[in-house]
Amino acid sequence: MNENPFYIVGFMGTGKSTLFSFLKEYGEVIDLDLVIESMTGMEIATYFDRYGESAFRDVESKVLQQVTADYILTGGGVVERSENICWMRERGTMIHLNLPFDMCWERIKDSARPLVKRGREDVHALFQRRDQLYRKASVSIDASQSPEDIAKQIIRIKGEKE
Ligand SMILES: Nc1ncnc2c1ncn2[C@@H]1O[C@H](COP(=O)(O)OP(=O)(O)O)[C@@H](O)[C@H]1O
Ligand SMILES: O=C(O)C1=C[C@@H](OP(=O)(O)O)[C@@H](O)[C@H](O)C1
Ligand SMILES: [Mg+2]
């Protein structure tokens with residue numbers, strides 16, 4: 001158990017958190033943002049407002065190194081710190097959910113995600129900058145499929161690696 005945690009990475013809106021209920025019958029699943037919210041006692045948006053993005057990244061990195069599970073659903077910005085990428089690659093397997101920007105934006109534009117407030121253009125620039133970081137993942141999955149199909153692929157890949 002948990003010898004090769006699968007870190008699910010991808011931009012905001014690629015559907016990482018949605019996989020929780022589809023993966024939980026196959027193993028232990030953790031959503032990093034939910035752990036952060038319970039540790040800090042506040043919503044991510046409130047934490048950003050109060051302490052800023054850099055403080056959030058510190059907490060995110062710390063939590064990343066504290067948790068283990070079969071499937072770890074990360075927040076889209078986990079790749080902002082290179083040590084997090086090294087951690088995920090050394091400790092387990094990074095799986096990238098890949099979706100074109102327009103589809104991500106449609107899914108997140110009306111949400112409470114703090115970075116969305118910056119507007120479409122800035123978020124697009126963020127998407128383009130992060131793209132190369134997500135490509136450090138071992139596997140890239142087409143996230144335009146249904147959550148069921150994405151989860152099936154992830155489970156199959158995990159089975160192959162065991
Ligand atoms: N495979 C999918 N197909 C269609 N819509 C999806 C899919 N996965 C997630 N969504 C929708 O996209 C939005 C963002 O999903 P979420 O899982 O929170 O993404 P992330 O955690 O990657 O930011 C939600 O409204 C969710 O219902
Ligand atoms: O991309 C980012 O920097 C962020 C993504 C969010 O998670 P999701 O990718 O699950 O939306 C959340 O961690 C926070 O709002 C910051
Ligand atoms: Mg999420």
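In this chain, numbering begins with 1 at the start of the sequence shown. Values below: all heavy atoms of this structure, side chains included; hydrogens, waters and symmetry mates excluded. Each ligand, and each atom within it, is numbered from 1 in the order the structure gives.
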Taking all non-hydrogen atoms of both residues into account, name the closest pair between [X] and [Y] and its distance.
X: Arg91; Y: Val67; answer: NH1-O, 4.1 Å
X: Phe11; Y: Tyr134; answer: CA-OH, 3.4 Å
X: Ile72; Y: Pro5; answer: CD1-CB, 4.0 Å
X: Val116; Y: Val123; answer: CA-CG2, 4.2 Å

(request) Would you please classify the geometry between the Tyr51 ring and the Tyr47 ring as parallel, tilted or perpendicular, with 30° and 60° separating the classes? (result) tilted

(request) Look at the rings of Phe6 and Tyr71 and say which category their plane angle falls in: under 30° parallel, 30 to 60° tilted, over 60° perpendicular. (result) perpendicular

(message) What I want to know is whether Phe56 and ligand 2 share at least one N or O pair that is separated by under 3.5 angstrom.
(response) no

(message) I want to know if ligand 2 touches Gly77 in the polar sense, i.e. an N/O pair below 3.5 angstrom.
(response)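 Yes: some nitrogen or oxygen of Gly77 is under 3.5 Å from one in ligand 2.
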
(message) I'd like to check atom 2 (C) of ligand 1 in this structure: does the protein have a heavy atom lying under 4.0 Å from it?
(response)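 True for atom 2 (C) of ligand 1.
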
(message) My question is simple, although I want it checked carefully: is atom 25 (O) of ligand 1 less than 4.0 angstrom from any protein heavy atom?
(response)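 Under the 4.0 Å cut-off, atom 25 (O) of ligand 1 has no protein heavy-atom neighbours at all.
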
Between [Y] and [X], is the closest basic N to carboxylate O distance under 4.0 Å?
X: Arg129; Y: Glu80; result: yes
X: Arg135; Y: Asp131; result: yes
X: Arg81; Y: Asp58; result: yes
X: Asp102; Y: Arg120; result: yes
X: Glu53; Y: Arg113; result: no

(message) Could you check whether any heavy atom of Glu80 sits closer than 4.0 Å to an atom of ligand 2, since that is the contact criterion I want to use?
(response)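 For ligand 2, residue contact (heavy atoms, under 4.0 Å) with Glu80 is absent.
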
Pull out every atom of ligand 2 sitting under 4.0 Å from any heavy atom of [X], numbered as shown with elements.
X: Lys16; result: 8 (P), 9 (O), 10 (O)
X: Gly76; result: 1 (O), 2 (C), 5 (C), 7 (O), 8 (P), 9 (O)
X: Gly75; result: 7 (O), 9 (O), 13 (O)

[atom]: which protein heavy atom is closest, and how many Å away?
atom: atom 12 (C) of ligand 2; answer: Asp33 OD2, 3.2 Å
atom: atom 8 (N) of ligand 1; answer: Gly15 CA, 3.5 Å
atom: atom 4 (C) of ligand 1; answer: Arg107 NH2, 3.3 Å
atom: atom 1 (O) of ligand 2; answer: Arg130 NH1, 2.7 Å
atom: atom 14 (C) of ligand 2; answer: Ile44 CG2, 3.8 Å
atom: atom 17 (O) of ligand 1; answer: Thr18 OG1, 2.5 Å
atom: atom 15 (O) of ligand 2; answer: Pro114 CD, 3.4 Å

(message) Regarding atom 16 (C) of ligand 2: of the candidates Glu60, Arg113, Arg57, which has the closest heavy atom?
(response)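 Ranked by closest heavy atom to atom 16 (C) of ligand 2, first place is Arg57.
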
(message) With a 6.0 Å cut-off (strictly less than), is the heavy-atom count around CZ of Arg89, excluding the residue itself, greater than 12?
(response)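 Open.
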
Taking only heavy atoms of [X] into account, list the atoms of ligand 1 that are under 4.0 Å away from them.
X: Arg113; result: 14 (C), 16 (P), 18 (O), 19 (O), 20 (P), 23 (O)
X: Thr14; result: 22 (O)
X: Met12; result: 23 (O)

(request) Examine ligand 1 and decide if any of its atoms is less than 4.0 Å from a heavy atom belonging to Gly10. (result) no

(request) Return yes or no for this condition: an N or O of Ile150 is under 3.5 Å from an N or O of ligand 1. (result) no

(message) I'd like to know: is the Mg ion (ligand 3) within the 2.8 Å range of an N/O/S atom from Thr18, strictly under that distance?
(response)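 For Thr18, the answer is no, given that no N, O or S atom comes within less than 2.8 Å of the Mg ion (ligand 3).
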
(message) With no hydrogens and no angle check, just 3.5 Å: does a side-chain donor-acceptor pair link Gln65 and Glu83?
(response) no

(message) Going by the rule side chain to side chain contact (heavy atoms under 4.5 Å, CB included), which residues pair with Glu148 if we only count those two or more places apart in sequence or in a different chain?
(response) Phe22, Ser146

(request) Report the part of Leu115 (side chain from C-beta onward, or backbone N, CA, C, O) that has a heavy atom under 4.0 Å from ligand 2; answer both or neither where that applies. (result)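 It is the side chain that gets close, since no backbone atom is under 4.0 Å.
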
